[in-house]
Amino acid sequence: PGNYEACIEWNLEPALYDFQQMDEFISECIYQGIENYPVHIKLDTGMHRLGFEEKNINQLIELLKAQPEIHIKSVYSHLVEAENTYDKRFSEHQILSFKKTVNKLTAELGYSFDTHIQNSSGIVQFGNLDCTMVRLGIGMYGICSLPIIQPLLEPVLEWYSTISQIKTIEKGQTVGYNRSYVAKKTMRTATIPVGYA
């Protein structure tokens, strides 16, 4: 919320994913006397991180109809397991849910907008979708978990560090915060300084 004024000043287009966030952005638009500001709406079709859920779409439509301050430029979601080549059912379920919601939004609002749900693996696995955009994501960095694609990509960065210390850990001993790893056998561990996580 503290960045909405700057967002508008620099003509940036926010991704909105819940009602509180949307209300706060609309309030900033009202304060500045702005109408038809382009926004991107995130739908939660199964990732369960950010996004409007299907059960809230009617409420979202009513809000969008009542508030001339914002105008949808795109609607998007994110495939949870697009790299799963053995069982595509969950991705197919997400795609159907996404299309259903996009169709409802288009019909109720009376205008069209860009749509995108395919990430790097989704572009390969579901290349025939009728979305207007894709999001290359990690593939842009030369990484893809699909074995048929990875050999065709070239990583664009390397990351180096040093080893701070090497230890021998006995079977049953734990390593890390909250004892999160339990050694299944005697093993050597190395501590590498790469940041907190």
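All residue numbers refer to positions in the sequence shown, counting from 1.
At distances below 3.5 Å, not a single donor-acceptor pair connects side-chain atoms of Gln173 with backbone N or O atoms of Ile169. Looking only at distances, a side-chain donor or acceptor of Gln150 sits under 3.5 Å from a matching main-chain atom of Cys144. Asp44 places a side-chain N or O within donor-acceptor distance of the main-chain N or O of Met47, the cut-off being under 3.5 Å. In this structure a side-chain-to-backbone donor-acceptor pair under 3.5 Å is present from Gln118 to Phe126. Asp18 places a side-chain N or O within 3.5 Å of a backbone atom of Gln20 that can act as its donor or acceptor partner.
The nearest pair of heavy atoms linking Tyr37 to Ile8 is OH-CA, 3.5 Å. Annotation for Ser77 and Thr45: closest pair OG-OG1, 2.7 Å, computed over non-hydrogen atoms. Across every non-hydrogen atom of Gln125 and Asn84, the tightest pair is NE2-O, 3.2 Å. Shortest non-hydrogen contact noted between Glu69 and Ile34 is CG-O, 3.4 Å. The shortest heavy-atom contact between Lys184 and Tyr181 is N-OH, 4.5 Å. Residues Glu170 and Thr186 approach most closely at OE1-OG1, 3.1 Å, considering heavy atoms.
Atom NZ of Lys104 and atom CG of Leu109 lie 11.0 Å apart (nearest 0.5 Å). The distance from the CD atom of Glu81 to the OH atom of Tyr86 is 13.0 Å, given to the nearest 0.5 Å. The CD1 atom of Ile72 sits 10.5 Å away from atom NE2 of His40, with the distance rounded to the nearest 0.5 Å. From Tyr17, atom OH reaches atom CZ of Arg49 across 11.5 Å, with rounding to the nearest 0.5 Å. Residue Asn103 holds its CG atom at 10.0 Å from CZ of Phe98, rounded to the nearest 0.5 Å. One finds the CG atom of Leu50 at 11.5 Å from the CG atom of Leu16 (value rounded to the nearest 0.5 Å).
Residue Phe19 places its CZ atom among more than 12 non-hydrogen atoms of other residues, nucleotides or ligands, all under 6.0 Å distant. Annotation: Glu9, atom CD; neighbour count of heavy atoms from other residues, nucleotides and ligands within 6.0 Å is above 12. Remark: Glu5 CD is loosely packed, at most 12 non-hydrogen atoms of other residues, nucleotides or ligands lying under 6.0 Å away.
Cluster membership check: Tyr76 does not share its hydrophobic cluster with Ile123, using side-chain heavy-atom separations under 4.5 Å among Ile, Leu, Val, Met, Phe, Trp and Tyr. When the side chains of ILVMFWY residues are joined at heavy-atom separations under 4.5 Å, either directly or via intervening members, Leu64 and Leu43 end up in a single hydrophobic cluster. At a threshold of 4.5 Å between side-chain heavy atoms, the hydrophobic network of Ile, Leu, Val, Met, Phe, Trp and Tyr places Leu63 and Ile57 in one connected group. In the hydrophobic cluster analysis, where Ile, Leu, Val, Met, Phe, Trp and Tyr join through side-chain heavy atoms closer than 4.5 angstrom, Leu153 is grouped apart from Met140. Under a hydrophobic clustering in which Ile, Leu, Val, Met, Phe, Trp and Tyr are joined whenever their side-chain heavy atoms come within less than 4.5 Å, directly or via other members, Ile61 and Val102 fall into the same cluster.
Ring-plane geometry between Tyr4 and Phe25 is classed as perpendicular, the angle between the planes exceeding 60 degrees on a 0 to 90 degree scale with a lower cut at 30. Taking the six-membered ring for Trp and thresholds of 30 and 60 degrees, Phe113 and Tyr111 have ring planes more than 60 degrees apart, a perpendicular arrangement.
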| request: For Arg188 and Thr168, run side-chain contact (heavy atoms from CB on, under 4.5 Å): C-alpha distance rounded to whole Å, both residues' side-chain angles, the deciding distance at 0.1 Å, then the answer. | output: CA-CA 4 Å; Arg188 295 175 75 201; Thr168 299; 4.2 Å; yes
| task | Assess whether side-chain hydrogen bond (donor to acceptor under 3.5 Å, both in side chains) is satisfied between Thr132 and Asp114, documenting all intermediate values. | result | CA-CA 5 Å; Thr132 57; Asp114 285 323; 3.0 Å; yes
| Pair Thr115-Asp130, side-chain contact (heavy atoms from CB on, under 4.5 Å): steps then yes or no | CA-CA 9 Å; Thr115 58; Asp130 57 358; over 6 Å; no
| task | Could you walk me through whether Cys131 and Ile117 pass side-chain contact (heavy atoms from CB on, under 4.5 Å), step by step? | result | CA-CA 8 Å; Cys131 293; Ile117 190 170; 4.0 Å; yes
| message | What verdict does the side-chain contact (heavy atoms from CB on, under 4.5 Å) test give for Met22 and Val39, after you've listed the backbone C-alpha separation in whole Å, the side-chain angles of each residue and the deciding distance to 0.1 Å? | response | CA-CA 10 Å; Met22 184 174 278; Val39 298; 5.6 Å; no
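Glu54 and Ser97 share a donor-acceptor pair across their side chains, judged by distance under 3.5 Å alone.
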